[in-house]
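From a predicted model like this one, the values you see are computed outputs, not experimental measurements. Side-chain atoms are counted along with the backbone in the values below, which use heavy atoms only and exclude waters and symmetry mates.
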Amino acid sequence: MSRFDVWVQDSLTKVFRDSPKPENAIKDVVLDAVRNEYEAAQIVVHPLEDVERLEVRVTSLRHESDEFAITRVYPRFVGYVPVKRNTPDTPPEELVRKAPGMFPDPLLEEETVRVKKGENQPVWLTVYVPKDAAPGTYHGEVLIRADGDETRVKTCLRVHDVILPDERNLKLSNFLSPHNISKFHGVKLWSEDFWRLLRAYARNMAEHRQSSIITPILELTRIYKGDDGLEFDFRLLDRWINLFKEEGVIGTVEGGYLAGRPPRTVEGWWTVPEFLSRRYRVFNKDGSLAYVQEPVKVSSPVFEEFISQFMPALQAHLDELGVLDSYVQHLADEPIDANAESYKHMAGLVRKYAPKIRIIEASTCKQLVDYIDVLVPLLDDYDKNMSFYEERKRRGNEVWFYTCLAPTGRYPNRLIDYSLVKVRILHWINFKYGLVGYLHWGYNYWTEKPFEDVENEPSHPFPLPPGDPFIVYPGKSGPLDSIRFEALRDGVEDYELLRLLAERKGLDEAIGLCSLAVKTITDYVRSSGELLSIRLRLINELESLG
């Protein structure tokens with residue numbers, strides 16, 4: 001008698017430790033993929049007694065002709081993290097499970113794990129199909145061994161004669177914290193060890209089709225006190241941009257904030273009427289510190305004096321570097337009506353001294369739309385004010401959307417206690433409504449113990465929805481993926497396939513197919529099987545077009 005049971009689950013279903021085996025459970029992995037994309041499935045191991053050493057091995061996938069092989073096939077164990085409280089304002093039917101409890105999320109780097117009797121252990125099986133893979137059916141095996149007892153799971157991959165474009169047409173931005181890379185990996189910020197680690201994070205972003213990178217321009221600029229004013233050394237900025245470009249991330253460079261609110265410990269910090277400039281250091285020519293410019297109100301002559309020198313120098317340098325057209329500048333995060341006048345003043349200064357630089361902001365403040373070039377409203381704000389934003393598109397604005405703590409409820413979001421369908425469907429929404437970008441503030445804003453706490457990010461005075469601060473975990477030598485980040489990539493790949501269908505068959509046809517999955521922003525398919533069926537129809541439609 002085997003010491004464990006095994007079944008196969010799709011990549012959009014969250015498997016809990018006590019999830020029952022489905023009545024119609026399948027035993028073999030069957031995947032459909034196009035060339036140049038990632039595709040995944042889960043193999044669920046259910047031990048009938050305690051297992052001290054569970055390990056998984058895979059073979060390459062051989063083409064039916066036996067002349068070709070796909071070698072990038074790799075398994076990872078799904079890990080579990082505690083969710084103490086569910087996302088606020090979310091009815092039970094919109095949650096995958098009621099908290100508290102252990103929820104699946106990180107993909108672990110351990111090659112073996114211990115598993116208790118009766119507790120499921122999913123294995124996340126990922127396949128990358130090269131661009132030059134021959135269409136057809138591929139076969140392989142997954143070997144599962146538990147304390148010497150073993151079983152084999154057959155794998156069948158159908159590669160369709162469609163190539164996912166290399167181009168990143170969707171502008172995808174998850175904010176990176178360089179300070180957290182430094183802190184959690186124990187390396188000095190901007191040291192050579194830091195830059196080596198940063199490359200691993202950039203590669204991870206590129207593998208998930210991220211195409212925009214938040215860039216801390218003030219930290220990456222060495223500012224000197226010159227004879228006739230300030231002088232700027234942009235060599236670190238160049239290194240940052242080139243590193244992400246080399247790893248395949250750069251499509252858009254997002255300049256980090258020039259100003260912000262006071263600390264959250266200050267009463268009324270959110271509704272403060274005037275933004276404060278960011279702190280920066282100025283050095284003497286010999287490298288010694290001349291002074292530290294502490295935050296001042298953006299209406300201060302001190303702020304304009306700095307902007308009048310920094311922004312023209314930055315604009316000229318970006319132009320020389322050849323990235324000015326793909327550069328956008330953040331001024332202050334999420335401005336609201338209470339501080340709109342302060343934001344307008346800042347925008348006026350940036351446009352005065354660097355008129356070629358476009359301004360981007362995550363904001364729902366309608367009185368600022370003439371001061372922002374790339375509008376990034378919350379998804380629910382776009383939903384409720386769709387005609388307003390469609391008019392802004394006609395006037396020349398680029399429109400993205402963002403999620404963070406909100407929206408919740410029936411709206412999709414990338415939170416741990418939400419289904420993976422809610423994550424993947426975000427980018428079908430991008431396509432259907434012509435929203436060309438997606439932004440989220442939390443790529444790696446980890447809590448103090450990210451595997452034990454997914455809610456209490458240190459800079460926030462209140463708990464956040466589970467998983468809101470980050471979508472990767474710190475590993476030994478770089479980031480560890482989450483199943484949410486895998487689902488997000490799948491959604492971006494779907495977006496590119498829908499875009500490809502629009503190019504070949506017309507936008508109306510592509511939107512019609514997309515609408516099978518997304519009727520409205522709160523009325524979309526909820527079952528993994530239904531969404532995957534629509535995706536397969538999309539692939540078959542593309543394949544039939546040749």
Side-chain angles (χ1 to χ4, degrees), residues 9-19 40 42 44 76-109 119-122 124 174-175 177 180 184 204 208 379 402-427 438-460 462-475 479-491 526 528 531:
Q9 189 70 61
D10 63 66
S11 62
L12 285 175
T13 299
K14 291 191 174 182
V15 179
F16 290 84
R17 291 291 195 195
D18 60 351
S19 293
Q42 296 180 85
V44 184
R76 289 169 291 179
F77 291 111
V78 177
Y80 290 80
V81 292
V83 171
K84 302 179 186 68
R85 58 189 70 81
N86 286 122
T87 298
D89 303 317
T90 304
E93 65 270 17
E94 297 294 334
L95 301 167
V96 288
R97 179 165 289 201
K98 185 175 173 58
M102 300 298 289
F103 284 61
D105 198 46
L107 292 174
L108 307 177
E109 55 192 334
E119 292 190 354
N120 297 325
Q121 177 55 68
W124 194 272
N174 292 285
F175 279 12
S177 167
N180 273 355
F184 281 83
N204 175 261
H208 290 79
L379 180 57
Y402 79 106
T403 62
C404 58
L405 292 77
T408 59
R410 290 189 59 80
Y411 286 100
N413 209 326
R414 35 158 268 193
L415 305 168
I416 291 176
D417 59 344
Y418 280 15
S419 74
L420 292 174
V421 171
K422 278 182 176 278
V423 183
R424 188 166 181 168
I425 209 74
L426 287 167
H427 307 305
Y438 170 74
L439 181 150
H440 195 287
W441 73 279
Y443 172 76
N444 68 327
Y445 280 82
W446 297 307
T447 60
E448 293 295 335
K449 296 181 178 180
F451 291 93
E452 300 173 24
D453 180 5
V454 295
E455 295 154 74
N456 295 289
E457 199 274 329
S459 69
H460 284 76
F462 51 85
L464 299 172
D468 192 56
F470 53 92
I471 200 166
V472 297
Y473 292 77
L480 300 182
D481 293 327
S482 68
I483 60 177
R484 291 175 296 137
F485 206 21
E486 301 290 283
L488 185 142
R489 173 174 60 198
D490 287 337
R526 301 310 177 100
S528 57
L531 181 56

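In this structure, the side chain of Lys422 engages the main chain of Tyr411 through a donor-acceptor pair within 3.5 Å. Put simply, the side chain of Gln121 never gets that close to the backbone of Arg17: no donor and acceptor are under 3.5 Å apart. A donor-acceptor pair is defined here as one N or O able to donate and one able to accept, closer than 3.5 Å; such a pair exists between the side chain of Glu457 and the backbone of Ser459. Within the 3.5 Å criterion, the main-chain N or O of Phe462 finds no donor-acceptor partner in the side chain of His460. A donor-acceptor pair is defined here as one N or O able to donate and one able to accept, closer than 3.5 Å; such a pair exists between the side chain of Asn120 and the backbone of Ser19. Proximity of a side-chain donor or acceptor of Glu119 to a complementary backbone N or O of Asp18 within less than 3.5 Å is not detected. Remark: side-chain polar atoms of Thr90 are paired, donor with acceptor, to backbone N or O of Pro88 under 3.5 angstrom.
Side chains of Asn204 and His208 form a contact here, defined as non-hydrogen atoms less than 4.5 Å apart. Under the 4.5 Å side-chain criterion, counting only non-hydrogen atoms from C-beta, Trp446 is in contact with Phe470.
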Run the salt bridge (Lys or Arg N to Asp or Glu O under 4.0 Å) check on Arg85 and Glu455 step by step: do they pass?
-> CA-CA 9 Å; Arg85 58 189 70 81; Glu455 295 154 74; 2.9 Å; yes

side-chain hydrogen bond (donor to acceptor under 3.5 Å, both in side chains) between Ser528 and Asp10: does it pass, once the steps are laid out?
-> CA-CA 8 Å; Ser528 57; Asp10 63 66; 2.9 Å; yes

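Heavy-atom minimum distance, Arg484 versus Val423: O-CG1, 3.5 Å. Residues Thr408 and Leu405 share a closest heavy-atom pair of CG2-O, 3.4 Å.
Using modelled atom types and a 3.5 Å distance limit, the side chains of His440 and Asp468 yield a donor-acceptor pair. Side chains of Asn174 and Arg414: a donor on one and an acceptor on the other come within 3.5 Å. Neither side chain, Asn180 nor Tyr443, offers a donor N or O lying under 3.5 Å from an acceptor on the other. Side-chain contact annotation: Thr87 with Asp417, donor-acceptor N/O pair under 3.5 Å present. In this model, no donor atom of one side chain and acceptor atom of the other lie less than 3.5 Å apart for Ser177 and Asn444.
Note that CG of Asn456 and OG1 of Thr447 are 7.5 Å apart. Values are rounded to the nearest 0.5 Å.
Under a cutoff of 6.0 Å and an axis angle of 45°, Arg97 and Phe103 do not form a cation-pi pair.
Among residue pairs with one or both ends in residues 76-95, none qualify as ring-ring contact (aromatic ring centres under 6.0 Å, His included); sequence neighbours excluded.
Note: Tyr402 and Tyr438 fail the aromatic proximity criterion, with ring centroids not under 6.0 Å apart.
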